[in-house]
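Order of listing sets the numbers, starting from 1, for every ligand and every atom in it.
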Amino acid sequence: MRHHRIAAIPGDGIGTEVIAAGLEVLAAVASAQGDFDLDITHFPWGSDYYLEHGRMMADDGLDQLRGFDAIYFGAVGSREVPDHVSLWGLRLAICQGFDQYANVRPTRILPGIESPLKLARPEAIDWVIIRENSEGEYSGQGGRSHRGHESEVATEVSIFTRTGVTRIMRFAFTLARSRPRRHLTLITKSNAQRHGMVLWDEIFQEVAAGFPDVSTDRELVDAATTRMVLKPGSLDVMVATNLHADILSDLAAALAGSLGIAPTANLNPEHRFPSMFEPIHGSAFDIIGRGIANPVATFWTGALLLEHLGEPRAAARLMGAIETVTAARLFTPDLGGTATTAEVTRAVVAALRRPVHA
Ligand code: NAI
Ligand code: MG
């Protein structure tokens, strides 16, 4: 029996609803497989914790998390705490603290789900967006001075380091090489941003030389949005900066049907620190507590987590169960249905209990 230790951080808003559902489904897949178990430890960190303790997570939070095999994260964000405090105090503190520099965001149109793109065949969207997750526009460099005066100034500095760019390009090429199409698109903005983005492009070309079996092309980020809509089948893997990938991946999620189905993995590829798995959506103020949050993103995220733990059969079984349920068009309202979070969860658990035919 293999054992895996998981830290669960549901966080705020619908994060608590979808992580509860996700843990039910992970327990079901572990019991169906029978050859591993998951030891779950819950951490109550988030905006309520902040209102009580004045910080988003315990002072020694990273030390408490360090020994886990993976982190299963919901969302942060609440009306009572400024977004930059909640996001930096918890999610970004973990991503940066554990050097989770590769953020992997797969997009597919799952069976039964219709893309809002009239012309897109389901197979036209099968993308992975690789987001540089440790520097770029979200490096946290900058400051404010002369607060409140007319002369007030604020800077938000984008940082691009040779080390940071090289490692994400290597990661992206390696991932692209593992997929059937072996194609990688560089997303850039080096026409307007002539320092950091030019270094970004140059290092892409340097790394490309070591991957002659991966075909490449290049797209400015604004043009990439139109290509995603008008020629979705021309894209496979994309590598983009922290900000660009953040925006493109919400677009990708919408084109695949809903933000409620999109998963992500924040990886420390060298396994020096635990990696963190989360749906890409936030705490969804407008549907908190209504029991209708789509749990599919969190389930798919669970499959990424299982793969990372070295449980590929369990991951495939979970994806199969998710697809069985979407194919039956059991949808929460974001996908046009009337099902609740609990109903979708029960259906996925039931699909997991059915024997798998090899
Ligand atoms: P959001 O992702 O929370 O919501 C955007 C829209 O998508 C809303 O209409 C929401 O109802 C819908 N939606 C999102 N997830 C859904 C799901 N699973 N099922 C059904 N509908 C879903 O983004 P928003 O409104 O920009 O941000 C709300 C809060 O979340 C803010 O405080 C923000 O900072 C935070 N946030 C946190 C993230 C994280 O923890 N990784 C990521 C994005 C936002
Ligand atoms: Mg985002």
Side-chain angles (χ1 to χ4, degrees), residues 8-22 25 43 45-51 56-57 71-96 100 103-105 107 110 113 116 129 131-133 136-138 240-266 276-302 322 326 330-345 348:
I9 309 178
D12 299 333
I14 65 164
T16 60
E17 303 169 36
V18 294
I19 289 295
V25 159
F43 292 88
W45 300 332
S47 295
D48 288 344
Y49 185 92
Y50 178 87
L51 293 173
M56 288 295 294
M57 66 195 278
I71 302 165
Y72 199 33
F73 188 88
V76 281
S78 116
R79 290 204 167 97
E80 279 86 50
V81 181
D83 283 347
H84 65 277
V85 172
S86 57
L87 201 63
W88 276 97
L90 190 57
R91 183 178 172 277
L92 292 175
I94 297 170
C95 288
Q96 293 207 346
Q100 293 162 349
N103 181 245
V104 179
R105 305 190 149 194
T107 306
L110 300 179
I113 295 181
I129 297 176
R131 170 182 180 181
E132 201 297 315
N133 212 29
E137 307 86 346
Y138 298 175
T241 67
N242 219 328
L243 171 66
H244 293 167
D246 191 1
I247 296 168
L248 294 183
S249 54
D250 272 28
L251 173 61
L255 296 177
S258 169
L259 201 47
I261 62 166
T264 187
N266 300 284
M276 180 159 75
F277 299 81
E278 57 174 347
I280 78 169
H281 63 73
S283 47
F285 300 146
D286 50 337
I287 56 166
I288 291 175
R290 290 172 53 198
I292 55 166
N294 192 342
V296 167
T298 305
F299 298 162
W300 189 346
T301 296
I322 294 167
T326 58
L330 185 72
F331 293 151
T332 44
D334 56 303
L335 286 171
T338 56
T340 62
T341 311
E343 283 164 353
V344 175
T345 306
V348 172

From CA spacing to verdict: side-chain contact (heavy atoms from CB on, under 4.5 Å), Val18, His281: CA-CA 11 Å; Val18 294; His281 63 73; 4.2 Å; yes

side-chain hydrogen bond (donor to acceptor under 3.5 Å, both in side chains) between Asn133 and Tyr138, intermediate numbers included: CA-CA 8 Å; Asn133 212 29; Tyr138 298 175; over 6 Å; no

Determine, step by step, whether Thr264 and Asn103 satisfy the side-chain hydrogen bond (donor to acceptor under 3.5 Å, both in side chains) criterion, reporting the C-alpha distance in whole Å, the side-chain angles of both residues, the deciding distance to 0.1 Å, and the verdict. CA-CA 7 Å; Thr264 187; Asn103 181 245; 2.9 Å; yes

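Side-chain atoms of Glu278 do not come within 3.5 Å of backbone N or O of Gly74 as any donor-acceptor pair. A donor-acceptor contact shorter than 3.5 Å is absent between the side chain of Ser283 and the backbone of Phe285. Of the possible donor and acceptor atoms, one in the side chain of Asp12 sits under 3.5 Å from a partner among the backbone N and O of Ser47. For the pair Glu343 (side chain) and Thr340 (backbone), a donor-acceptor distance under 3.5 Å is present. Without hydrogens or angle criteria, Tyr72 side chain to Thr298 main chain gives a donor-acceptor distance under 3.5 Å. With hydrogens and angles disregarded, a donor-acceptor distance shorter than 3.5 Å links the side chain of Thr341 to the backbone of Ala293. Side chain of Ser249 to backbone of Ala252: no donor-acceptor contact under 3.5 angstrom is found.
Within the 4.0 Å heavy-atom shell around ligand 1 one finds Ile14. Contact analysis puts Leu259 in contact with ligand 1, with a non-hydrogen atom separation below 4.0 angstrom.
Between Glu17 and Arg290 there is no salt bridge, since none of the side-chain N atoms of the basic residue sits less than 4.0 Å from a carboxylate O of the acidic one.
At a heavy-atom cutoff of 4.0 Å, ligand 1 is contacted by the backbone of Ile280 but not by its side chain. By the criterion of a heavy-atom distance under 4.0 Å, both the backbone and the side chain of His281 are placed next to ligand 1. With a heavy-atom cut-off of 4.0 Å, Asn294 touches ligand 1 through backbone and side chain alike.
Here the protein heavy atom with the shortest distance to atom 32 (O) of ligand 1 is Asp83 OD1, 2.6 Å. For atom 22 (C) of ligand 1, the closest non-hydrogen atom on the protein side is Ile287 CD1, 4.1 Å. Regarding atom 39 (C) of ligand 1, its nearest protein heavy-atom neighbour is Arg91 CD, 3.8 Å.
Near Ser283, meaning under 4.0 Å from one of its heavy atoms, ligand 1 places the atoms 3 (O), 29 (C), 30 (O). Of all atoms in ligand 1, listed by their number and element, those nearer than 4.0 Å to a heavy atom of Asp286 are 8 (C), 9 (O), 10 (C), 11 (O). Shown in contact with Gly77 at under 4.0 Å from a heavy atom are these atoms of ligand 1, numbered in order with element: 32 (O). Ligand-side atoms of ligand 1 in range of Glu278: 41 (N), range being under 4.0 angstrom from any heavy atom. Residue contact check: Ala75 has heavy atoms under 4.0 Å from atoms 40 (O) of ligand 1. Against a heavy-atom cut-off of under 4.0 Å, Asp334 is close to the following atoms of ligand 1: 20 (C), 21 (N). Ligand 1 places these atoms under 4.0 Å from at least one heavy atom of Gly260: 17 (C), 18 (N).
Among protein atoms, those of element N, O or S found less than 2.8 Å away from the Mg ion (ligand 2) are Asp246 OD1.
Taking only non-hydrogen atoms, the option from Ala293, Gly282, Gly13 nearest to atom 43 (C) of ligand 1 is Gly282.
Counting heavy atoms from C-beta on, the side chains of Arg105 and Asp246 come closer than 4.5 Å. Looking only at side-chain heavy atoms (C-beta outward), Thr107 and Leu255 stay at 4.5 Å or farther from each other.
The two residues Trp300 and Ile261 come nearest to each other via the heavy atoms CE3-O, 3.3 Å. Residues Arg131 and Thr241 come closest through the heavy atom pair CG-O, 4.3 Å.
Checked against a 3.5 angstrom limit, the closest N/O atoms of Ala284 and ligand 1 fall inside it. Looking at Val76 next to ligand 1, an N or O pair under 3.5 Å apart turns up.
For atom 27 (O) of ligand 1, the nearest protein heavy atom lies 4.0 Å away or farther. In this structure, atom 11 (O) of ligand 1 has protein heavy atoms in its sub-4.0 angstrom surroundings. Distance remark: protein heavy atom present below 4.0 angstrom from atom 30 (O) of ligand 1.
Ring-plane geometry between Tyr49 and Trp45 is classed as perpendicular, the angle between the planes exceeding 60 degrees on a 0 to 90 degree scale with a lower cut at 30.
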